Engineer: 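This is the structure I want to talk about, given as structure tokens.
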Amino acid sequence: MDMDLEMEKVDCPICKGSRGNPLHLEGSFEMVRCPSCQFIFLNPRPTMDSLLRFYQEYLPEEESSIEAWEKMMKPVFHRAADRLEQYRRSGRLLDVGTGFGFFLVEMKKRGWETAGVEISQKAIDYARDMLGLTIFPGPLKKAALPDNDFDAVTAFYVIEHLSDPLDFLGECNRILKPGGFLLLRYPHTTPIKNFLRFFGIKNRLYDLPAHLADFSPKMIQKCLERAGFGKCQHLIGGYTLPGDFGKRTSSVLFGGFAEALFYLSGKKLLFPGVSKTVWAFKGK
Ligand SMILES: [Zn+2]
């Protein structure tokens with residue numbers, strides 16, 4: 001990881017009301033909690049320029065790692081696609097932070113007209129040359145897409161990387177058609193951090209400085225509503241399939257356990273600490 005990152009102190013990205021109180025330290029990086037709105041964010045954090053440089057090296061390069069990543073995300077992509085297709089069977093879809101483009105491949109297969117946004121040049125080249133996909137170089141705003149253009153926008157593990165999440169959600173809202181569908185998948189790490197700290201277990205679960213924030217379901221919903229989305233619904237994300245046996249087992253066990261609890265509770269209990277999927281529609 002590039003440790004020559006330039007860091008800057010920032011105000012709370014959501015309410016601008018505070019620079020936050022210390023919450024968790026991970027190496028030399030500190031997550032803080034805003035006393036006014038409870039948002040949890042990295043402060044100080046890398047500047048925009050150093051982040052863009054950082055992401056040129058973020059994704060794996062070797063074919064075997066790319067394949068392992070595809071395998072890991074497959075169950076998540078299938079379930080997201082099924083969820084979307086409960087509302088709409090075809091249309092124009094944009095996947096932001098699309099990486100190598102595997103979700104777009106799945107959606108294309110299902111008959112959707114697809115495009116992606118990505119900031120890593122290596123990933124853009126792979127998606128275009130190996131998979132024949134349409135990719136706009138990111139960030140999303142740079143792509144300058146027209147108003148009311150897409151039926152669906154998806155972003156898997158993106159929002160926790162952004163310096164201005166509200167601005168991003170506003171942009172998603174602008175490019176969606178009225179009633180358009182937005183789906184996000186995001187990690188929710190703070191409850192696990194609290195739990196492990198209780199037992200004195202050191203860890204780097206926040207993935208700092210790549211992640212600039214940690215969203216709770218409540219905070220995500222608040223942000224979506226502020227950005228003009230309504231009918232917000234959550235789903236426990238379910239499991240991923242990482243290549244490492246231990247990680248795969250814990251993902252399947254915890255993901256499965258959390259999901260069982262979610263259904264047993266009448267879709268009320270969003271087990272803390274497990275990745276979540278949320279979707280909402282443009283308009284109230
Ligand atoms: Zn705040």
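First listed ligand is number 1; within each ligand, the first listed atom is number 1. Keep in mind that what you see is a predicted model, and the values were worked out from it rather than measured.
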Engineer: For the aromatic rings, using the six-membered ring if either is Trp, is the centroid distance between F150 and F181 under 6.0 Å?
Structural biologist: no

Engineer: Under 2.8 Å from the Zn ion (ligand 1), which protein N, O or S atoms do you find? Ignore water molecules.
Structural biologist: C12 SG, C15 SG, C34 SG, C37 SG

Engineer: Is the number of heavy atoms from other residues, nucleotides or ligands within 6.0 Å of CD (Q56) greater than 12?
Structural biologist: yes

Engineer: Charged N to carboxylate O under 4.0 angstrom, D11 versus R19?
Structural biologist: yes

Engineer: Taking the six-membered ring where the residue is Trp, are the ring centres of F102 and F77 under 6.0 Å apart?
Structural biologist: no

Engineer: Taking NZ, NE, NH1 and NH2 as the nitrogens, is one of them in D82 or R110 under 4.0 Å from a carboxylate oxygen of the other?
Structural biologist: yes

Engineer: Would you call R92-D151 a salt bridge at under 4.0 Å N-O?
Structural biologist: no

